[in-house]
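Every chain is numbered from 1 and lettered A, B, ... according to where its sequence line falls, protein lines coming before strand lines.
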Number of protein chains: 2
Amino acid sequence: MSRETGPSAQIVRVLADELAGLPSGTRVASEAEVGQRFGVGRAAARAALGELERRMLVSRIQGLGTFTRRRVDYLVAPGRAPSWSRTLREAGASPRTVVLACDAVPLPADVATALEVAPGTRGFRLVRRSHIDQMPAAWGVEWLAADLVPELPAALRVEESLDTILRETAGVRPERAWTRASVEPAPEEASDGLGCRPGDPAWLMASLARDGAGGRPLLSTERWVRADAVRVVLELGDGRDA
Amino acid sequence: MSRETGPSAQIVRVLADELAGLPSGTRVASEAEVGQRFGVGRAAARAALGELERRMLVSRIQGLGTFTRRRVDYLVAPGRAPSWSRTLREAGASPRTVVLACDAVPLPADVATALEVAPGTRGFRLVRRSHIDQMPAAWGVEWLAADLVPELPAALRVEESLDTILRETAGVRPERAWTRASVEPAPEEASDGLGCRPGDPAWLMASLARDGAGGRPLLSTERWVRADAVRVVLELGDGRDA
DNA sequence: CAGTGGTCTAGACCACGGG
DNA sequence: CCGTGGTCTAGACCACTGG
């Protein structure tokens with residue numbers, strides 16, 4: 001263990017230690033600065049910084065520089081509220097969500113089945129991107145029947161949280177009924193929405209929320225979540241164990 | 001979309017298409033061959049092959065070459081059997097597990113608590129590595145009380161599957177009671193066991209199995225699973241939804 | 001031994017973002 | 001405009017694998 005394969009491995013270790021204590025968004029030395037400091041060429045310095053990015057310790061932005069980044073914990077477990085906004089706020093982050101599209105359309109067959117309504121029922125197709133500390137972190141499509149919140153577009157201009165809108169306007173209590181999650185290299189469609197490069201690891205999460213009172217399906221979502229922005233933790237259990 | 005940032009992006013697309021149909025383990029062109037074929041230098045060819053590795057389409061082994069690789073699906077859901085071997089065999093893979101350590105020791109406090117026995121109770125600390133198609137895929141520690149299978153070391157020399165041993169020797173019916181899973185850059189400890197490089201994305205899965213009849217805790221595990229070897233899919237749900 | 005991937009240097013041009 | 005990261009070339013040495 002701890003084999004040295006070259007100078008850059010040592011640089012990675014030194015920089016990773018130094019970064020450990022810094023707040024999120026702090027500027028990190030540029031490739032040229034790292035090269036001068038450790039007496040290596042640009043390629044070695046670049047390899048070291050690239051390794052830090054692969055380990056999700058920094059983000060590198062062309063034209064801007066390299067910055068420390070934190071991963072926010074996002075616990076998904078039965079019985080927990082399905083709200084992205086609230087979950088992240090409780091974790092100390094400042095989530096922002098922007099609406100990219102909010103179209104009233106007939107629900108496609110598979111969505112209608114999941115929402116337990118007749119195919120072709122009017123609904124909303126919502127495409128949104130969520131940011132954490134100004135960085136894109138999640139992107140995806142959400143579907144819901146139109147009769148739940150007929151004035152959804154107007155409501156979204158006032159309140160970002162779909163969970164809150166459903167509670168206060170539709171008078172329902174959304175609960176996580178079903179979720180499927182995995183990690184995939186982001187396809188181009190997703191990396192565009194996430195502002196990352198194709199192939200970067202990302203969570204693909206599909207879920208269905210039901211009304212706590214009555215059990216009516218409320219919301220069907222399929223979202224991509226950047227793995228370098230959110231540490232998704234999934235918990236399956238009978239509740240007896242910590 | 002589909003912006004061209006350089007020759008290597010095009011090479012990636014071409015090679016990814018060609019690889020898509022090949023069986024797992026097929027040899028892929030070397031860096032030199034790719035460079036000659038596409039008329040680029042070794043750096044560009046290397047970048048393209050590295051990108052394919054990042055996308056989990058190939059494995060690259062120093063001194064050997066580059067080979068296609070498949071990811072095996074591993075569905076984790078409530079009610080599903082917790083057996084690694086059986087789950088993967090059903091997925092069409094040939095799992096092998098080697099025992100790295102099997103020590104009879106007093107169970108440490110946290111494990112004893114999880115297994116609901118008195119601290120210091122005699123138990124087995126099992127360290128194992130699992131392979132899929134001869135490639136290391138999982139590694140980790142498993143704990144169980146010694147009275148369940150007093151002859152565990154001998155039993156493991158005959159039967160690889162801990163699930164089978166528990167069923168046939170201890171007469172219990174292991175069921176997944178609790179699981180926590182996330183994805184982390186593999187720390188050095190884990191990357192050694194997994195035969196990958198530190199920082200490669202890997203699943204960290206902790207779980208507890210209970211006896212289906214009686215509910216006694218049987219097995220507490222903490223395993224690392226290579227994300228490029230296994231496509232872990234987690235499902236939380238009430239069973240009403242597909 | 002030859003061939004593979006892993007690392008590095010030196011130098012170049014480009015794309016991007018901010019002043 | 002300058003500095004940033006992204007890409008590329010040409011060339012070198014090394015570590016590892018198999019025959």
Side-chain angles (χ1 to χ4, degrees), chain A residues 1-15 25-54 57-69 134-136 191-192 195-200 228, chain B residues 1-15 25-54 57-69 134-136 191-192 195-200 228:
Chain A
M1 56 194 84
S2 293
R3 301 164 25 255
E4 275 313 312
T5 55
S8 83
Q10 174 68 13
I11 299 175
V12 167
R13 204 165 309 121
V14 172
L15 292 181
T26 305
R27 185 137 193 306
V28 177
S30 70
E31 295 178 355
E33 289 166 343
V34 171
Q36 287 182 0
R37 171 178 169 192
F38 292 93
V40 298
R42 189 188 158 200
R46 175 174 176 74
L49 289 170
E51 176 66 21
L52 293 176
E53 184 177 40
R54 206 175 62 97
L57 298 174
V58 302
S59 273
R60 318 195 66 198
I61 306 173
Q62 190 173 29
L64 270 179
T66 302
F67 304 88
T68 57
R69 114 168 279 158
Q134 347 298 352
M135 308 280 291
S191 63
D192 286 348
C196 63
R197 302 197 329 189
D200 284 348
D228 62 348
Chain B
M1 60 193 81
S2 293
R3 297 161 30 251
E4 274 313 312
T5 57
S8 83
Q10 174 68 13
I11 300 175
V12 167
R13 203 163 311 121
V14 171
L15 292 181
T26 305
R27 185 134 193 306
V28 177
S30 69
E31 296 178 354
E33 289 165 343
V34 171
Q36 287 182 0
R37 171 178 168 192
F38 292 93
V40 298
R42 189 188 159 200
R46 176 174 175 73
L49 289 170
E51 177 65 20
L52 293 177
E53 184 177 41
R54 207 174 61 95
L57 297 174
V58 302
S59 273
R60 318 194 64 199
I61 305 172
Q62 191 173 28
L64 269 180
T66 302
F67 305 88
T68 58
R69 113 168 279 160
Q134 348 295 353
M135 308 280 291
S191 63
D192 286 348
C196 64
R197 302 196 330 186
D200 285 349
D228 62 347

Distance-only donor-acceptor check, side chains R197(B) and S191(B), under 3.5 Å: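 No donor-acceptor contact under 3.5 Å links the two side chains.
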Using every non-hydrogen atom in the two residues, find where [X] and [Y] come nearest and quote the distance to one decimal.
X: P7(A); Y: V40(A); answer: CB-CG1, 4.2 Å
X: F38(A); Y: V14(A); answer: CZ-CG1, 4.0 Å
X: G35(B); Y: A45(B); answer: N-CB, 3.6 Å
X: A48(A); Y: I11(A); answer: CB-CG2, 3.7 Å
X: E33(B); Y: A29(B); answer: OE1-CA, 3.2 Å

Provide a list of protein-nucleic acid N or O atom pairs under 3.5 angstrom, restricted to nucleotides 10-13 of chain C.
unit_1  : atom_1 : unit_2 : atom_2 : d
dA12(C) : N6     : R42(A) : NH1    : 3.0

Short side-chain N/O contact to dT7(D) OP1/OP2 from R197(A), under 4.0 Å: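 Yes, such a contact exists.
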For the pair made of [atom1] in [X] and [atom2] in [N], what is the distance, rounded to whole Å?
X: D200(B); N: dG6(C); atom1: CG; atom2: P; answer: 11 Å
X: R54(A); N: dG6(C); atom1: CZ; atom2: P; answer: 11 Å
X: E51(B); N: dT7(D); atom1: CD; atom2: C1'; answer: 13 Å
X: F38(A); N: dT9(C); atom1: CZ; atom2: P; answer: 13 Å

NZ/NE/NH1/NH2 to OD/OE distance under 4.0 Å, R46(B) and E31(B):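 Yes, charged N to carboxylate O under 4.0 Å.
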Distance (rounded to the nearest 0.5 Å) between R37(B) CZ and S30(B) OG: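 So the gap between those two atoms works out to 12.0 Å.
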E51(B) vs S8(B), side-chain contact (heavy atoms from CB on, under 4.5 Å): CA-CA, chis, key distance, verdict: CA-CA 9 Å; E51(B) 177 65 20; S8(B) 83; over 6 Å; no
Donor-acceptor contact present, side-chain R69(A) to main-chain D228(A), <3.5 Å: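 Present.
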Of A44(A) and R46(B), the one whose closest DNA chain C nucleotide lies more 5':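 That would be R46(B).
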Helix axis bend for the helix from dC1(C)-dG18(D) to dG18(C)-dC1(D) - C1'-based end axes, five pairs, 10° rounding: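 Inter-axis angle at the ends, rounded: 10°.
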Write down the protein N/O and nucleotide N/O pairs, taken from nucleotides 1-4 of chain D, whose separation is under 3.5 Å; answer none if there are no such pairs.
unit_1 : atom_1 : unit_2 : atom_2 : d
dG3(D) : N2     : G63(A) : O      : 3.1
dT4(D) : OP1    : S30(A) : OG     : 3.3
dT4(D) : O2     : G63(A) : N      : 3.1

Matching residue for V12(B) among L49(B), L52(B), L57(B) - test: side chain to side chain contact (heavy atoms under 4.5 Å, CB included):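 Of all the options given, the one that passes is L52(B).
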